[in-house]
Amino acid sequence: MQLVGSQPFADLDFVTEDVALAPFTWYKIGGAAKYFVKPRSLEELQEAAKRCAESNIPIYVLGLGANLLVADSGVDGAVFRLNDPFWSNLEIDGTTLSVGAGFDMQKLVLRTAREGLAGLECLAGIPGTVGGGIRMNAGGKFGDIGASVQTVTVMDSHGTVFERKKEDLLFEYRRTNIAAPFILGATFELEKEDPDALAARTKEIWMYKRNTQPLNSKNSGCMFKNPRGANGTVSAGALIDQAGLKGLRVGGAEVSDKHANFIIAHKGAASDDILKLVKIIQERVLAKHGVVLESEVKIWGA
Ligand code: EPU
C-alpha cells in the first residue's frame with residue numbers, strides 16, 4: 001500500500017518524473033508525462049505495472065508516437081516505453097516470425113522483404129512499433145497486420161503474461177479485441193515469395209503513400225477513421241476535401257492540401273490548435289455530409 005503523496009516508483013531507477021513527451025511523438029508537441037517508465041526486463045515491467053495498480057495510476061503505452069496527440073497539459077499517469085533492446089528480439093524460422101513488441105515496423109517490413117517473406121509489405125510507410133501496429137491493426141487498402149498474426153503475447157495490469165491465439169483474436173478496422181494493456185510480442189506466419197518481386201511491391205505501396213500523403217510534414221497520419229456506412233467505407237479525406245476544408249488553419253494547425261485527412265502541425269503549433277481544428281472539421285463534415293468523423297489518432301490527456 002502506498003502512502004498518499006509518496007512517489008510510488010522512488011526506488012525504481014527506470015522510472016523518471018515529469019518527462020516531456022513531445023520529443024517522442026511525430027507531432028513534436030504536447031505536455032509531459034507524470035511518470036515515464038522504461039523497463040529493461042519483464043520483471044521490471046511487472047513491478048511497475050503492479051505499483052500502478054496499487055496506486056491507481058493510469059497506464060499509457062507509447063510506441064513510436066506516430067498515431068498520437070498529447071494534450072498541452074500532458075498526461076497524469078505512467079507512460080510506458082518498451083524501447084530497450086530486450087523488447088525488440090527477432091527470430092525467423094522458415095516462414096514463422098517471432099518479434100518483440102518494441103521492434104520497428106518499417107525495419108521489419110524491409111527485413112522480411114529481403115528474406116523473401118511476404119505478408120507485411122502492406123505496412124510499408126506506416127511508422128510504429130510492432131506492438132503499436134497490432135494494437136491498432138495497422139494497415140490500409142493494401143492489407144493489415146492482423147492478417148498474418150498467429151499469436152500475440154500480452155500482459156495484464158497485474159503482471160500476468162499470457163498468449164492469445166489466432167482463433168480467438170479479432171482484427172477489425174483499426175481495432176483488435178485485445179484488452180490487456182501491454183502487448184509484449186507476436187508471431188507471424190508469412191509466405192515465401194521471390195525477394196525481387198516482393199521488394200518491387202513494397203516500393204510500389206510506399207510510393208503510393210509518398211505521392212498521396214504529406215509525408216514530409218509533422219502529422220500523425222490520418223486523423224479520422226474512414227466512416228463505415230450502408231454502402232461500405234468512404235474516405236474521411238475525401239469527405240473533408242469535399243467540405244472545402246483543405247488549407248483550413250487554426251493557429252499552427254492546418255488541414256493538408258495533399259490529403260485532407262492529415263492535419264499538419266506547423267512550427268509553433270500547440271496541441272490545442274489541432275484539437276480545435278479537429279472539432280471544426282467534425283462539425284463541418286457533419287453539416288455537409290451528415291457523417292460523424294471519429295478520431296483515429298489516439299489523444300492522451302485532453
Ligand atoms: N481523396 C480525396 N481528397 C483527399 C484525400 C483523398 O478526394 O484529400 C480521395 C482519393 O482521391 C481517393 C480516395 O479519397 O479516391 C481514397 O484516398 P486514399 O487512397 O488516400 O485512402 P484513404 O481511405 O483516404 C486510407 C487509410 C490510410 C492509408 C491509405 C492507403 C484510413 C483513415 N486511412 O486512406 O491510412 O495510408 O488508405 O492504404 O483508414 C492512417 O491510418 O493513418 C492512414 C494514413
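Note that ligands are numbered from 1 as they come in the structure, with each ligand's atoms numbered from 1 the same way.
- Of the residues Lys225, Arg174, Gln282, the one that meets the side chain to side chain donor-acceptor pair (under 3.5 Å) test with Glu294 is Lys225.
- Close approach of ligand 1 to Lys246 is summarised as follows: ligand atoms under 4.0 Å from at least one heavy atom of the residue are 8 (O).
- Exactly one of Phe14, Tyr35, Phe80 qualifies for a ring pair (Phe, Tyr, Trp, His ring centres under 6.0 Å) with Phe9. That residue is Tyr35.
- Only the backbone of Phe224 comes within 4.0 Å of ligand 1, judged by heavy-atom distances.
- Residue Gly140 has at least one heavy-atom neighbour below 4.0 Å for each of these atoms of ligand 1: 38 (O).
- Tested against Asp168, the residues Arg164, Lys165, Lys166 include a single salt bridge (Lys or Arg N to Asp or Glu O under 4.0 Å) partner, Arg164.
- Residue contacts with ligand 1: Gly221 is placed with no nitrogen or oxygen under 3.5 Å of a nitrogen or oxygen of the ligand (distance criterion only).
- Using modelled atom types, one side-chain atom of Gln106 and one backbone atom of Gly125 make a donor-acceptor pair closer than 3.5 Å.
- Protein heavy atom in closest approach to atom 9 (C) of ligand 1: Ala238 CB, 3.9 Å.
- For Met223, the closest heavy-atom approach to ligand 1 does not fall below 4.0 Å.
- At a 3.5 angstrom cut-off on N or O pairs, Thr212 does not count as close to ligand 1.
- Residue contacts with ligand 1 for Asn261 involve side-chain atoms from C-beta outward but no N, CA, C or O (heavy atoms, distance under 4.0 Å).
- For ligand 1, one of its N or O atoms has an N or O atom of Glu296 under 3.5 Å away.
- For the residue pair Glu189 / Thr96, a side-chain donor-acceptor distance below 3.5 Å is found, with atom types taken as modelled.
- Numbered from 1 in the order shown, with element, the atoms of ligand 1 that lie under 4.0 Å from a heavy atom of Phe262 read 44 (C).
- Residue Ala260 has at least one heavy-atom neighbour below 4.0 Å for each of these atoms of ligand 1: 4 (C), 8 (O).
- Note on Arg51 versus Glu54: no salt bridge recorded, every NZ/NE/NH1/NH2 to OD/OE distance being 4.0 Å or above.
- What sits closest to atom 26 (C) of ligand 1 on the protein, heavy atoms only, is Arg174 NH2, 3.8 Å.
- Only side-chain heavy atoms of Asp241 come within less than 4.0 Å of ligand 1; its backbone N, CA, C and O stay farther off.
- Under 4.0 Å from ligand 1, not a single heavy atom of Gln242 appears.
- At under 3.5 Å, a nitrogen or oxygen of Ser235, whether backbone or side chain, sits near a nitrogen or oxygen of ligand 1.
- Compare Gln213, Lys258, Met136 by their heavy atoms: the one nearest to atom 28 (C) of ligand 1 is in Gln213.
- Taken to the nearest 0.5 Å, the CG atom of Asn261 stands 9.5 Å off from the OG atom of Ser256.
- Which parts of ligand 1 touch Tyr173 is read off a 4.0 Å heavy-atom cut-off, strictly below it: atoms 31 (C), 32 (C), 39 (O).
- No N or O atom of Asn67 sits closer than 3.5 Å to an N or O atom of ligand 1.
- Remark: of the listed residues Val154, Leu42, Val61, Val61 is the sole one forming a side chain to side chain contact (heavy atoms under 4.5 Å, CB included) with Phe182.
- Note that the CZ atom of Phe142 and the CG atom of Leu123 stand 11.5 Å from one another [nearest 0.5 Å].
- Considering Ala66, Cys222, Gly143, Cys122 only, the shortest heavy-atom separation from atom 27 (C) of ligand 1 involves Cys222.
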